Amino acid sequence: MNRKYNPHEIEEKWQLYWEKEKTYRVTEDPDKKKYYLLEMFPYPSGNIHMGHVRNYTIGDVVARYKKMMGFNVLHPMGWDSFGMPAENAAIEHGIHPSVWTNENIEHMRKQLKRMGFSYDWDRELSTCEPEYYKWEQLFFVWMYEKGLVYKKGGVVNWCSTCQTVLANEQVEAGLCWRCGNEVTEKHLDQWFFKITDYVEELLEYCDKLSGWPERVLTMQKNWIGKSHGCEIVFPMADTDDVIKVFTTRQDTIYGATFMLIAAEHPLVMELAKGKSCEGEVSEFVERVKRQDRMVRTSDYYEKEGVFLDAYCLNPVTEEKMPIYAANFVLADYGTGCVMAVPTHDQRDFEFAEKYELPLVVVIDNPESPLVAETMTEAYVDEGILINSGPFDGMENLKALDNIAEHLESIGRGSKTTEYRLRDWGISRQRYWGAPIPIINCDKCGAVPVPEEDLPVVLPRNVELTGEGGSPIVRLDSFVNTTCPNCGGPAKRETDTMDTFVESSWYFDRFCSADCDSKPGLERKKTDYWMPVDQYIGGIEHAILHLLYARFFTKMLRDFGVLGIDEPFTNLLTQGMVCKETTRCKQHGFLLPDEVKEGNCIHCGKPVTIGKTEKMSKSLKNVVDPDYLIKKYGADTARMFCLFAAPPERDLEWSDQGVDGSFRFLGRVWRIVMDYLEDIAEIEPFNDATELEGDLKNLNKKIHQTIKRVTRDIEGRFHFNTAISAVMELVNTLYQTPRPEKGDGTALSVIKKAIESVIILLFPIVPHITEELWEIIGGKEKLSDISWPSYDEEIASEEKITIVLQVNGKVRSRIEVSADESDDTIKEIARNDERIQKFIGDKAILKEIYVPKKLVNIVVK
RNA sequence: GCCUGGGUGGCGGAACUGGUAGACGCAAGGGACUUAAAAUCCCUCGGUGCUUGACACUGUGAGGGUUCGAUUCCCUCCCCAGGCACCA
């Protein structure tokens, strides 16, 4: 038998086999240690892309490896199937979102199966199905009862032409991405999840998630943005009212010379009311509100304000402080009011310069005293307090507490904590999402849909035109209902939920995907499987998705549904798949197959090679996984994705690199075919006999390779070096002289080497290895085989190379047997001819010996 | 501006806790096989210099430092990528 490597035939054969045998179906098994491996599920956009291929290949290797290590591995897959692209497709192509979505799922499922991923497809879920989102609606109702959901007026981006709400990323320089009209803001009642109730726990656990990348945790901590400070009360100069501010810099209170209020703050118009400045102020406020839309994208924002013709008093100096409305103060952070200390805050400094407001230095620079009149920027470093009454002479940082206490004692302040994190606005004025289970009654207000009436099914008999907002708003049969409370006529909520809600608990649902009784999650099963042992996905979800999922986990725990605090024990954020861009002067960005020998296929002119960027449709630097599978097969695609870079780093696509991976698989295939007849009846070497020369060397290499591959996969997911190790073993195999046909011992070592290559490569390239395993007569299926072990002694070298240095420079190397005594090694080193040459007649000052590694002789 | 990562051959990348820099692969060059080509198998491959060697010097973004010894630790700076960005 001497067949050629035909990836398609064997890949489809084994995929069919795994599917038929349900090889990767799992159930809870209390006798086995569980391992829950999860990759972030995809949005069914229609086609898998290289990012998916990479993400899911990484996961698949770990899943298969863990299974071989004896774990009961849960490795599920599903679809994050609500969301806007379906609506856009409906508008553009007149196809219903559900039809479009399900067609995409069909196609993508086929693509994933063609990659040979080891999913338990029996657990497949799709979030746009009522069987899924009904439980989410149940959670919503529970949250409502517990006060974890509330409705609040909020501002949204609104396109009056499209009659629709736009997400921030759909607003391009203040214009609607679709029609190009100006985006305005609209006040709408929106539903919020009270994630801030869990803010402390979310922050605290950041320090306990030792299996997460540091940068993700920092991003989450920054996003939560906890700061300790003080709420300080400023009395109004002329009335009994007060203005409260939040500050972390109460040490600068004696330097607060004016007050700033966010332009949108209601207090602004209140203060200006009836005064001569009212007109000017309201004009300013309106302008800032409009500006706010655009400014998010611009990097420089001129600080502006308007005097409100009002004063308050500095609570410690009793000095009068003019009050301004300002464009750079945030209305929803702290109290929306800020005490301005121009000498020690750069923003306040710029503002004071512009409006000629007084400067009082209260922290002096210990190196060169500050003079208010000559300052060109705020002094924001540490220093010694001056002009600060009883606190003069103290170091400013040390005075923070004292000043806070002082303010408390005079009843003008208290220590507080602020967070940057806001509650999670989940209302979307969109059709393709899970309906919010609320009924609005004129008499009773918002009433949650009774549990027994769930799910509120999203009606499918609608037509999307892109105008007039969500079509269910006009669907009387949906909207008109009766109030569950009073029985009177009422209207259903037509907002749907943010799709981040579905992805906040899908990993729980995978544990009991077919559960149809309340609450849709079987406690016994989630207790067995959760938390996810290894979660893998893109860094782009470092903040929102992961934070929301953590929040949901804690909340469901408090509902008694889950028994865990955190959903993901270990997190791996894989890098992006990048490729160089190619561009033709005339035809713009070109797809890889629009370029032939450096020229554009449309006009024949040379193309310019641009910089390497994340693969994206708009840059056309994409490689189609289907094409790759067609040309090389899934195993090559998997192999290249793993070999080209470690998983957490960006992967630069290289067609030649793919070729190289394919060649390697061919090399493996050929060596097996080459030895096939000779080793057919031979048992693999069992380390019972003593070996010599090349065979001993090969056997040692086998053990070393198992060791390295195990370490590289187990500890750090460095599949690239794991593959290198196997490549070395294959190279050694090629270099080992071919044994005589009758030489049973030699052939048994060869067989052992071949088996090892096959088994070690199985998690990476499962098809070719299953096939080779079958061809060489493996009795079990490879997918049922355990990970091989190695013998540390056989793996160790008996001859070691000792590096000889003189003054830290490598001058010679010697080979000694591994058990040679230290003294002898040093002796040999000193007498080494080349070392002698470098020592000459110089005096030996020192001799450093690193056991089994090197000798360094220091001379002068 | 702040916070994370990261800068190593022509390229992707190795180097475990300070101890042989460049594993493995790609590209390139050479050889073998072949009527020939492809495929395959084997060899060479950081730079410079010459006395062409078991040679010398140099080399991990730049400059300093610690050390017998630094890609690895410390300080300063430059560049790249990502995140946050008026959060008081």
Side-chain angles (χ1 to χ4, degrees), chain A residues 213-219 221-223 225-227 229-230 245-250 252 256 260 295-296 299-301 303 326-330 332-341 344-348 350-351 418-421 539-540 542-543 573 575-576 578 611 613-614 640 643-646 648-661 663-664 666-667 670 708 711-712 715-716 718 720-728 730-731 734-735 801-813 833-834 845-859:
Chain A
E214 198 52 47
R215 59 174 178 152
V216 174
L217 293 172
T218 343
M219 278 157 90
K221 283 187 210 164
N222 290 343
W223 189 260
K226 181 179 186 175
S227 51
C230 227
V245 305
F246 171 76
T247 182
T248 55
R249 295 300 306 274
Q250 62 269 23
T252 62
L260 297 169
V295 158
R296 295 218 165 265
D299 44 351
Y300 181 74
Y301 191 17
K303 286 169 188 53
N327 62 352
F328 65 95
V329 176
L330 301 172
D332 60 354
Y333 183 77
T335 62
C337 306
V338 177
M339 69 175 206
V341 184
H344 305 293
D345 181 287
Q346 187 56 27
R347 296 157 296 183
D348 298 346
E350 285 166 31
F351 194 87
E418 260 314 307
Y419 300 90
R420 208 187 80 110
L421 180 72
I539 185 75
E540 65 273 20
I543 301 175
T573 48
M576 301 179 300
C578 301
K611 90 177 184 190
E613 299 207 56
K614 177 181 177 174
F640 176 72
F643 183 62
E648 68 278 4
R649 253 204 260 182
D650 285 352
L651 181 151
E652 198 183 318
W653 197 260
S654 147
D655 291 331
Q656 284 143 350
V658 178
D659 253 349
S661 295
R663 273 205 298 271
F664 171 69
R667 203 167 146 82
R670 279 187 302 274
R708 277 177 63 189
R711 188 197 63 194
D712 287 350
R716 32 180 225 168
H718 276 203
N720 55 334
T721 50
I723 292 169
S724 297
V726 181
M727 284 174 167
E728 282 185 49
V730 172
N731 289 347
Y734 266 90
Q735 274 151 19
T801 305
I802 304 286
V803 173
L804 307 186
Q805 298 182 331
V806 176
N807 288 347
K809 285 191 178 177
V810 180
R811 295 303 181 185
S812 183
R813 301 183 167 102
E833 198 183 318
R834 295 172 40 74
L845 296 183
K846 210 173 177 184
E847 206 178 76
I848 290 118
Y849 173 66
V850 181
K852 310 221 182 298
K853 284 218 170 106
L854 91 167
V855 178
N856 182 13
I857 297 167
V858 186
V859 299

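Small disclaimer: the values here were computed from a predicted structure and weren't measured. Every chain is numbered from 1 and lettered A, B, ... according to where its sequence line falls, protein lines coming before strand lines.
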Does Val329(A) reach a base, just sugar-phosphate, or nothing at all? Heavy atoms under 4.0 Å. base

C1' gap between A21(B) and G13(B), integer Å: 13 Å

If I pick the C1' atom on C45(B) and the same atom on G22(B), what distance separates them, to the nearest angstrom? 12 Å

Quote, to the nearest angstrom, the P distance that separates G65(B) from U71(B). 15 Å

Separation of atom NZ in Lys809(A) from atom C1' in C55(B), rounded to whole Å: 14 Å

Would you kindly give the CZ-to-P distance between Arg649(A) and G7(B), to the nearest whole Å? 6 Å

Which nucleotide, C68(B), A23(B), C87(B), lies nearest any side-chain atom of Arg420(A)? C87(B)

Intra- and interstrand pairs of RNA chain B - dot-bracket, Watson-Crick/G-U under 3.5 Å, | marks other strand: (((((((..(((......[....))).(((((.......))))).(((((..).))))..(((((..]....))))))))))))....

Take atom P in C80(B) and the same atom in C74(B), then report the distance between them in whole Å. 24 Å

If I pick the C1' atom on G9(B) and the same atom on A81(B), what distance separates them, to the nearest angstrom? 22 Å

Specify the separation, in whole Å, of atom CG of Asn856(A) and atom P of C68(B). 10 Å

Glycosidic conformation of G9(B), syn or anti, with 90° from 0 as the boundary? syn

Taking G18(B) as the reference, what is the distance to C73(B) when you measure between their C1' atoms (whole Å, please)? 8 Å

